[in-house]
Participant: 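Before I ask anything, let me first share the structure, which is written out below as structure tokens.
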Amino acid sequence: MDYSDRSGTGPTADRFALMDATEQANLVQSGEATSLELVEAAIGRIAVLNPKVNAIACSNFDLARQQAKSVIGKEPFSGVPTLIKDLLPYPGHTAGFGSRLLDGAPALTSSDYADTLQASGLIALGKSTVSEFGLLGTTETLAKGATRNPWDITLSPGGSSGGAVAAVAAGMVPIAHASDGGGSIRGPSSFCGLFGFKPGRNRTVSNGVPAEMPTAALLAEHCVSRSVRDSARWLQMTENRHLSTRLPSLEHLRSFFPKNVRIGFYRNDSLGLSTTPEVEAALHETALLCETIGCDVFEIKAPCFDPETTVDAFFDLTGLMLSGVFAQIRNMMGNAYDEDGLEPYTLEIARRASDLAPADIQMAQSVLAKNAANAERSMQQCDVILSPTVPFEAFPLGRYGPETDVKVLQAFTARLAGYTFVSSLTGWPAMTVPLHWTDKGLPVGSHFTAPSGKDPLLFSLAYQLEQARPWKHRLDELTKDLLCHNA
């Protein structure tokens, strides 16, 4: 079986399996393929691959087929099949939030963001798996079981966007919606060899989360993709229409890379902790690669946060947010509300908020504001900051499940987000780029951040890195291997 042959011949060949979303949309726009053909092919791949990877929380294939028949062919992602992360309510699909409590619940609301995705021509096949309410950096829930990393199914794809990255890396869909509140796009993308971009704060249209909700400012909606151009097109499509400066054309981003971009890199994370040797090697290789494309690369001092106060502040505000969410759910469900439907870790994080006094909340907000100011001083030294994305390679499933001791899980979360949380806190745009693979064949991403408003600079840099060290062939081989072994 040769999936590199896109002719469509043979009983199981799928000529769309190795195409990114832009190429698939171009086929629909030119009339060379229909949206229904793309959708049916993706449904076929899901049938073959999902039993092994477990990346789908729920599906509505009948609705997808119906929508595919009415695609006009002029939208940015005309007829391209995708998945929506199961933290974003989306018309026609349930909103389970990775929880047994809400499993199968209908989506009662929408948002500007969801409406924009629908208007783009994307066809949602279903929802991707998440950790419960997006809290954990691994996607292993009591509701849906463990989502597995396509590179090694004994390992985690990370979280909370684990289902999105696993589905795209495996080749089920070419692109998938994802979201990021501290690294939930970038960490999983590093573990699964994808390009993962987090837009800068207020860059995109509203996702419907009230701005006054604690930690709302940390949240960003975007996608995970196999190519830089897919991610750039997604951001162009979802940008806030009131921005004074919109993302330039893809041609401009690709062709006009500034000269002598100053890239400052650091090794240890914001809590002062170091990485594994493989991650250190990836950082070194990436720094050298940046020099070869004409960047001025030098080492800088990392942002430095106090571990105890920072971790406490984050979990205090997260617990406060959860307690508000649960109050809304109780009002909605009435007597059907049952805390036994929530995971132990989720309950404990929410319960800690009940002991918070107003002074505690103010202190938590003050700690994070102080850390953000600290990080801004690091950015003043350069145009772009380079660091590891996460401090280690993909880890075994079962090590950090939702029934693990709460203190262990909190320490794991802090460790996992030691690099990515900085740009969530400041609102900077950030990205992880798959530039390194270990001797065991596991991907390791490199993390780049830029000052607020400099999303175009990161995309321009990403295009240069993609050209200098392409990664798509690795994803193609993974998809071919998975399909051949599962067909």
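Just so we're clear, the structure is a prediction, and the values are computed from it rather than from any experiment.
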Participant: With distance as the sole criterion, is a donor-acceptor pair present between the side chains of Lys85 and Ser179 under 3.5 Å?
Facilitator: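 There is such a pair (donor and acceptor under 3.5 Å, judged by atom type) between the side chains of Lys85 and Ser179.
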
Participant: So, Thr310 and Asn371: side-chain donor and acceptor under 3.5 Å apart, yes or no?
Facilitator: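 Result is yes, a qualifying pair exists.
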
Participant: Stepwise, does the side chain to side chain contact (heavy atoms under 4.5 Å, CB included) test hold for Phe195 with Arg226?
Facilitator: CA-CA 6 Å; Phe195 179 72; Arg226 300 168 75 90; over 6 Å; no

Participant: For Phe197, which of Leu458, Ile185, Val433 qualifies under side chain to side chain contact (heavy atoms under 4.5 Å, CB included)?
Facilitator: Leu458

Participant: For Trp428 and Glu376, which I'm curious about, is there any donor-acceptor pair between the side chains at under 3.5 Å?
Facilitator: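 Indeed, the side chains of Trp428 and Glu376 share at least one donor-acceptor pair under 3.5 Å.
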
Participant: Under a 4.0 Å threshold between the charged nitrogen and the carboxylate oxygen, would Arg65 count as salt-bridged to Asp62?
Facilitator: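 A salt bridge links Asp62 with Arg65.
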
Participant: Is the closest side-chain donor-acceptor distance between Thr309 and Asp306 under 3.5 Å?
Facilitator: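 Indeed, the side chains of Thr309 and Asp306 share at least one donor-acceptor pair under 3.5 Å.
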
Participant: Does one side chain, of Ser99 or Glu132, offer a donor that lies under 3.5 Å from an acceptor on the other?
Facilitator: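 A pair is found: one side chain offers a donor N or O, the other an acceptor, under 3.5 Å apart.
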
Participant: Considering only NZ, NE, NH1 and NH2 on the basic side and carboxylate oxygens on the acidic side, decide whether Asp103 and Lys144 come within less than 4.0 Å.
Facilitator: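 Judged by the 4.0 Å cut-off on N to carboxylate O distance, Asp103 and Lys144 do form a salt bridge.
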
Participant: Between Thr129 and Thr147, is any side-chain donor less than 3.5 angstrom from a side-chain acceptor?
Facilitator: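 There is such a pair between these side chains.
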
Participant: Of all the heavy-atom pairs spanning Ser131 and Ser160, show the shortest one and how long it is.
Facilitator: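 Reported closest heavy-atom pair: OG-CB, 3.2 Å.
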
Participant: Salt bridge or not between Lys480 and Glu477? Use side-chain N to carboxylate O under 4.0 Å.
Facilitator: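 Salt bridge: yes.
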
Participant: Might you confirm whether atom CG of Asn207 has over 12 heavy atoms from other residues, nucleotides or ligands at distances under 6.0 Å?
Facilitator: yes

Participant: Checking side-chain polar atoms at under 3.5 Å, does Arg469 have a donor or acceptor matched by the opposite partner on Thr286?
Facilitator: no

Participant: Would Lys301 and Tyr266 count as a side chain to side chain contact (heavy atoms under 4.5 Å, CB included) if you check the C-alpha gap in whole Å, the side-chain angles of each, and the deciding distance to 0.1 Å?
Facilitator: CA-CA 6 Å; Lys301 185 178 179 180; Tyr266 61 84; over 6 Å; no

Participant: For Phe326 and Phe133: C-alpha separation, side-chain torsions, deciding distance, then whether ring pair (Phe, Tyr, Trp, His ring centres under 6.0 Å) applies.
Facilitator: CA-CA 11 Å; Phe326 293 160; Phe133 295 99; 5.4 Å; yes

Participant: Write out all pairs satisfying salt bridge (Lys or Arg N to Asp or Glu O under 4.0 Å) with one or both partners inside residues 198-223, taking only residues at least two apart or from two chains.
Facilitator: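 Sorted result for residues 198-223: Arg203-Glu239, Arg203-Asp455.
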
Participant: Thinking salt bridges, do Glu339 and Arg351 make one under a 4.0 Å N-O criterion?
Facilitator: yes

